[in-house]
2 protein chains.
Amino acid sequence: MDDKYAAIRLQNQLCFPLYACSKEIVRRYKPYLDELDLTYTQYIAMMVLWEKKEVTVKELGEALYLDSGTLTPLLKKLESKGYLTRARMESDERNLRVTLTKEGEAVQEKALGIPEKMNCCVKLDSEDAKELYRILYKILNCMS
Amino acid sequence: MDDKYAAIRLQNQLCFPLYACSKEIVRRYKPYLDELDLTYTQYIAMMVLWEKKEVTVKELGEALYLDSGTLTPLLKKLESKGYLTRARMESDERNLRVTLTKEGEAVQEKALGIPEKMNCCVKLDSEDAKELYRILYKILNCMS
DNA sequence: TATAAACAAATTGTGTACAATTTAATTGAG
DNA sequence: CTCAATTAAATTGTACACAATTTGTTTATA
């Protein structure tokens, strides 16, 4: 009996289905996000901007659990698409002010249909969805 | 009332906490995996090999939800560490046989302590853990 | 008030991820 | 039998992701 190794068997991991599920769902977003010329990471960055209109890289990183190494090139790409502007803050030049543009705001309208389209390809009853949401934020909150 | 945009607000997404949670937990693995000179992806690939001893790239990809574009360089790295060997199968040369070595098997002993160390930094009661596991596999199964 | 500590972004380097294409081997329909 | 279709890996190109370091600015203290 090699029960000794049970804890390091793939099917006994909790992180693995989390990792696989995340990747697979993000992959399912691609066809819909392609229509908006956004990647998934760019999409969630835009979500923060749609809500806040203006953020620093630090605030964005805290909201998305991403660091400047990921965000700097991503924000430069979104800037080149015309969806946002980047400028140092006059009050404290260490901070970069990221501001949503009219063009960036317009993309929000095109994004409105995405959640429903995703529901079709994921299919999870609302009871499980609520439970999943609750547990995931419980983990996130206890880790940060 | 901008309730019109409720569905595309970050806090109403289910995929985002999944994506963030996955990344954060994988990041917590790093210090422990560094001791084994493995990344998280290399670790789960080794888990499959510890169990199966021998797989093709296709089988490994199906188990891990990864394609050859990710696995080819990853397996070459694990080969260079001496943890596995790579060779075309004589029965069908399209397939690559990936075989666990003695050195690769030995790493399993060093990995035994990881799950417990991870429990300390994640903290989820077994009820929630079971629920999370159930829901994640429900999603994975209905997507593949 | 120098200047060391702290801070925010940017940069560098390594390692995934994955779509799309290519290469090489095998299979199957005519 | 033969060549088109299929299949498995590898390759190519783009985009994260993050640790570690660097750059430039601000703050705090000796």
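In the text below, chain A, chain B and the rest are named by the order of the sequence lines, each starting its count at 1. For clarity, every value in this text was computed on a predicted model and none was experimentally measured. Side chains are part of it too, since the values below use all heavy atoms of this structure and drop only hydrogens, waters and symmetry mates.
Between Lys30(A) and dC18(C), a side-chain N or O to OP1/OP2 separation shorter than 4.0 Å is absent. Distances shorter than 4.0 Å separate none of the side-chain N or O atoms of Thr56(A) from OP1 or OP2 on dA8(C). Between Arg86(B) and dA8(D) there is no side-chain N or O to OP1 or OP2 distance below 4.0 Å. Between Lys58(A) and the phosphate of dA8(C), there is a side-chain N or O to OP1/OP2 separation shorter than 4.0 Å. Between Thr72(B) and dT11(D) there is no side-chain N or O to OP1 or OP2 distance below 4.0 Å. Considering only side-chain N and O atoms, Asn95(A) lies under 4.0 angstrom from the phosphate OP1 or OP2 of dA9(C).
Sequence order on DNA chain D of the closest nucleotides to Thr70(B) and Lys77(A) puts Thr70(B) first from the 5' end. Both Ser91(A) and Asp67(A) lie near DNA chain D, and the one whose nearest nucleotide falls closer to the 5' end is Asp67(A).
We find that CD of Glu93(A) is positioned 18 Å from P of dT23(D), with the value rounded to whole Å. Separating the CD atom of Glu59(B) from the C1' atom of dA8(D) is a distance of 12 Å, rounded to the nearest angstrom. To the nearest angstrom, P of dT26(D) lies 5 Å from CG of Asp92(A). Here dC7(C) presents its C1' atom at 14 Å from CE of Met89(A), a figure rounded to the nearest Å. Straight-line distance from the CG atom of Leu64(A) to the P atom of dC16(D): 12 Å, rounded to whole Å. Lys76(A) places its NZ atom 18 Å from the P atom of dT14(D), with the value rounded to the nearest Å. Taking atom CD of Gln42(A) as the reference point, atom C1' of dA15(D) lies 8 Å away to the nearest angstrom. Between the CG atom of Leu74(B) and the C1' atom of dC18(C) there is a distance of 14 Å, given to the nearest Å.
You'll find that the side chain of Arg88(B) is closest to dA9(D), out of dA9(D), dA25(C), dG15(C). Nearest to the side chain of Arg94(B), among dA9(D), dC18(C), dA8(D), sits dA8(D). Taking every side-chain heavy atom of Arg27(A) into account, dC18(C) is the closest of dC18(C), dA17(D), dA10(C).
Contact annotation for Arg97(A): no contact, since no heavy-atom pair falls under 4.0 Å across all strands. Contact annotation for Leu66(A): backbone-only contact, meaning every heavy-atom pair under 4.0 Å involves sugar-phosphate atoms and none involves a base.
Hydrophobic clustering of Ile, Leu, Val, Met, Phe, Trp and Tyr side chains at less than 4.5 Å, counting indirect connections, keeps Met89(A) apart from Val98(A). With hydrophobic clusters built from ILVMFWY side chains whose heavy atoms lie under 4.5 angstrom apart, Val48(B) shares a cluster with Leu112(B).
Within residues 10-22 of chain B, no residue has a heavy atom under 4.0 Å from DNA chain C.
Ring orientation note: the planes of Tyr40(A) and Tyr29(A) are tilted relative to one another, at an angle of 30° to 60°.
A donor-acceptor distance shorter than 3.5 angstrom exists from the side chain of Asp67(B) to the backbone of Thr70(B), with no hydrogens or angles considered. Remark: side-chain polar atoms of Glu105(B) are not paired, donor with acceptor, to backbone N or O of Lys102(B) under 3.5 angstrom. Put simply, the side chain of Lys53(A) never gets that close to the backbone of Thr99(A): no donor and acceptor are under 3.5 Å apart.
Taking 3.5 Å as the limit, the base of dA10(D) and the side chain of Ser68(B) contain a donor-acceptor pair of atoms between them.
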Using the rule given for salt bridge (charged side-chain N to carboxylate O under 4.0 Å, His left out), can you reason through Glu35(A) versus Lys110(A), listing the C-alpha separation, both sets of side-chain angles and the distance that settles it, and then say yes or no? CA-CA 9 Å; Glu35(A) 295 173 27; Lys110(A) 295 206 284 174; over 6 Å; no
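Within a 6.0 Å radius of CD in Glu109(B), more than 12 heavy atoms belonging to other residues, nucleotides or ligands are found.
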